[in-house]
Peer 1: 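Handing you a structure now.
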Number of protein chains: 2
Amino acid sequence: MAKRSSSSMEVLLGMLAIEPMSGYDLGMTIRSSVGYFWNESYGQIYPNLKRLAAAGLVNSKTERHKGKPDRRVYSITKKGRERLKSWLSVEPQPEIPRNEMLLKLFFGEHVPAEVPMGYVEREAEVCRALLGFLEREAREGIDKNRHYPGAPYWRMAVRFGELEMRAHLLWADETLVELKKMAGKKRNHGRTKKEKSHAGR
Amino acid sequence: MAKRSSSSMEVLLGMLAIEPMSGYDLGMTIRSSVGYFWNESYGQIYPNLKRLAAAGLVNSKTERHKGKPDRRVYSITKKGRERLKSWLSVEPQPEIPRNEMLLKLFFGEHVPAEVPMGYVEREAEVCRALLGFLEREAREGIDKNRHYPGAPYWRMAVRFGELEMRAHLLWADETLVELKKMAGKKRNHGRTKKEKSHAGR
DNA sequence: GGGTGCATGTAATGGGTTACATGATTCT
DNA sequence: AGAATCATGTAACCCATTACATGCACCC
């Protein structure tokens, strides 16, 4: 029951509802707008565009340019907008995404505390980078289009990312303190086990 | 290249490093311990146990019980522990999980503001439920095993969930206020700014 | 008699990434 | 000369969920 046909087609419809685009553009646009919570690979985009076209949800026309490859530009149809709306009307089912970092951390006892410390430091780095992107590029990109009726929703999504990243950073700080304590204890207890300190990078 | 063989086998090794278990137990244990950030279905667990056994990373013996079906109980081998450690030594690569709720919210303009409000309310509900589980059941479960060397790591993972859920709840509150304003404006053509203290649910 | 829990497994299906294949132009 | 960007697509493969198949015991 309950086909959970994932939203890989609908994200294309949604983007094409903003403006007509080629498959390549869709990839770029998705990456730079919703990329921090939704990715699509070209291996999905191109076949899905064909399926959408076959279903009459998008139209395509080929544009020729000198000096550049031909572009197949897609635009959403009335039927496509209807489909988009009916997809939006179905409440998203809550999902539990897998988090490999947490999984490894969970089993951290089997490995010297420096290793989990590495996980957490890396996590913090990634969060700082993403937070920077959200607070600068993403905010500015939305501000440039602040008249567009979707802008308030874009801001909400960005805000979600900001708050989540800040929570992760808070956690990382707290957790690093804890891990350092643990590493310190292990070191002073053991009879000076000479370990290779390949912690740095 | 870089086979990103996902961690579906390693989670089994990790759990079996705590104590020997059957496939059925593994499913239950995973759900109730790391289930808020890692799920495994039986369709993965049973075939993967066979593969682990074939690779000599786990042993199995069949237990017979009257009144209950036979159980195939698996235990981790020395080789399995080695494998677990070498998996833990590889830093988890940062991943960007898909978030369908955010995706639908991002395209919220195409639908009356009440619809995205539904998404956010549902999100808040789920977060409250999970937060309750983490602060009660999960914490207590760890406290019962506080002597186990893995306990500190389990606490860190739980803490991650708590902070994340609180961030999501904060966001949900903030976002609902915003969405109510938007719905209000749409309704009375942006005339009165009077807010209704209780928007219908 | 029927639902629930224990218990193991396979098959069908669907979803998604990555590698491969091609090829022109522009930038360094 | 070689790398990067623009541009489209297919094929192989991997991963994962779900449905199906089986069956006993216990409780209501």
Side-chain angles (χ1 to χ4, degrees), chain A residues 1-12 20-32 34-35 37-54 58 60-74 93-100 103, chain B residues 1-12 20-32 34-35 37-54 58 60-74 93-100 103:
Chain A
M1 291 189 194
K3 286 224 149 144
R4 57 153 72 241
S5 76
S6 111
S7 311
S8 292
M9 293 204 197
E10 284 82 0
V11 65
L12 301 177
M21 271 182 273
S22 67
Y24 184 80
D25 293 339
L26 280 162
M28 292 293 144
T29 304
I30 288 169
R31 200 171 299 287
S32 67
V34 297
F37 61 81
W38 197 275
N39 279 316
E40 285 299 334
S41 60
Y42 288 111
Q44 286 281 100
I45 292 172
Y46 286 113
N48 279 336
L49 281 171
K50 285 205 167 171
R51 276 172 219 142
L52 288 171
V58 300
S60 74
K61 63 168 194 281
T62 303
E63 284 182 2
R64 284 192 184 74
H65 296 268
K66 52 234 149 159
K68 288 193 179 173
D70 287 1
R71 293 159 50 82
R72 190 167 292 250
V73 175
Y74 291 85
Q93 79 285 30
E95 350 161 30
I96 296 153
R98 287 176 162 198
N99 186 327
E100 201 185 5
L103 187 66
Chain B
M1 305 265 134
K3 291 228 144 145
R4 57 153 75 239
S5 73
S6 111
S7 311
S8 293
M9 293 204 195
E10 284 83 1
V11 66
L12 302 177
M21 272 182 272
S22 68
Y24 184 79
D25 293 339
L26 280 163
M28 292 293 147
T29 304
I30 288 169
R31 201 171 300 286
S32 67
V34 296
F37 62 81
W38 197 274
N39 280 315
E40 286 298 333
S41 60
Y42 287 111
Q44 286 280 99
I45 291 171
Y46 286 113
N48 279 335
L49 281 171
K50 286 206 165 172
R51 275 170 219 144
L52 288 171
V58 300
S60 74
K61 62 169 194 279
T62 302
E63 283 182 2
R64 286 197 181 69
H65 297 267
K66 52 238 149 157
K68 289 194 179 173
D70 287 1
R71 293 160 49 81
R72 188 167 292 250
V73 175
Y74 291 86
Q93 78 286 29
E95 352 162 28
I96 296 152
R98 286 178 163 196
N99 186 325
E100 200 184 6
L103 187 65

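For clarity, every value in this text was computed on a predicted model and none was experimentally measured. Here is the naming used below: chain letters follow the sequence lines, and residue numbers restart at 1 for every chain.
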Peer 1: Testing the basics here: between A:Ile96 and B:Gly35, what is the closest heavy-atom pair and its distance to 0.1 Å?
Peer 2: CG2-O, 3.6 Å

Peer 1: Please determine whether a side-chain nitrogen or oxygen atom of B:Ser6 lies at a distance below 4.0 Å from atom OP1 or OP2 of D:dC14.
Peer 2: no

Peer 1: Which atoms form the tightest heavy-atom contact between A:Glu100 and B:Glu95, and what is the distance?
Peer 2: N-OE2, 3.1 Å

Peer 1: Does any non-hydrogen side-chain atom of A:Glu10 lie less than 4.5 Å from one of B:Leu103?
Peer 2: no

Peer 1: Counting only side-chain nitrogens and oxygens, does A:Tyr46 get under 4.0 Å of the OP1 or OP2 atom of D:dT8?
Peer 2: yes

Peer 1: Does some side-chain heavy atom of A:Tyr74 sit less than 4.5 Å from a side-chain heavy atom of A:Lys61?
Peer 2: no

Peer 1: Determine the minimum heavy-atom distance between A:Gly23 and A:Ile45, stating which atoms define it.
Peer 2: O-CG2, 3.9 Å

Peer 1: Starting at CD of B:Gln44 and ending at P of C:dG14, how long is that distance when rounded to a whole Å?
Peer 2: 17 Å

Peer 1: Is B:Gly23 touching bases, backbone alone, or none of the nucleic acid, heavy atoms closer than 4.0 Å?
Peer 2: sugar-phosphate

Peer 1: Using whole Å, report how far CD1 of B:Ile45 lies from P of C:dG9.
Peer 2: 12 Å

Peer 1: Return the value, rounded to whole Å, for the distance between atom CH2 of B:Trp38 and atom C1' of D:dC15.
Peer 2: 11 Å

Peer 1: For the helix from C:dG1-D:dC28 to C:dT28-D:dA1, measure the angle between the helix axis at one end and the axis at the other, each built from five pairs, rounding to 10°.
Peer 2: 30°

Peer 1: What integer distance in Å separates A:Arg71:CZ from C:dA24:C1'?
Peer 2: 15 Å

Peer 1: Looking only at the side chain of A:Arg98 (C-beta and beyond, no hydrogens), which of the listed nucleotides D:dA7, D:dT17, C:dG9 gets closest?
Peer 2: D:dT17

Peer 1: Whether B:Arg72 contacts C:dT8 is assessed here as follows: a side-chain N or O lying under 4.0 Å from the phosphate OP1 or OP2. Is that the case?
Peer 2: no

Peer 1: Please report, rounded to the nearest Å, how far the P atom of D:dT17 is from the CD atom of B:Glu40.
Peer 2: 6 Å

Peer 1: Side-chain contact test, heavy atoms from C-beta onward, threshold under 4.5 Å: evaluate it for A:Leu26 versus A:Leu49 and give yes or no.
Peer 2: yes

Peer 1: Check whether any side-chain N or O of A:Ser8 sits under 4.0 Å from OP1 or OP2 of C:dG15, and answer yes or no.
Peer 2: no

Peer 1: Whole-Å distance between C:dC6 P and B:Met21 CE?
Peer 2: 15 Å

Peer 1: Just N and O in the side chain of B:Lys50: are any of them under 4.0 Å from OP1 or OP2 of C:dT10?
Peer 2: yes

Peer 1: Mapping B:Ser22 and A:Tyr42 onto DNA chain C by nearest heavy atom, which one lands closer to the 5' end?
Peer 2: B:Ser22

Peer 1: Could you check how far CZ of B:Arg31 sits from C1' of D:dA16, rounded to whole Å?
Peer 2: 13 Å

Peer 1: Among the nucleotides C:dG5, D:dT18, C:dT18, which one has an atom lying closest to any side-chain atom of A:Ser41?
Peer 2: C:dT18

Peer 1: Name the closest nucleotide to the B:Tyr24 side chain, picking from C:dT8, C:dT17, D:dA16.
Peer 2: C:dT8

Peer 1: Taking all non-hydrogen atoms of both residues into account, name the closest pair between B:Tyr24 and B:Tyr42 and its distance.
Peer 2: O-OH, 3.2 Å

Peer 1: Restricting to non-hydrogen atoms, name the atom on A:Ala53 and the atom on A:Val58 that form the minimum distance, rounded to 0.1 Å.
Peer 2: N-CG2, 3.5 Å

Peer 1: Figure out the CG/P separation between B:Asp25 and C:dG5, and round it to whole Å.
Peer 2: 16 Å

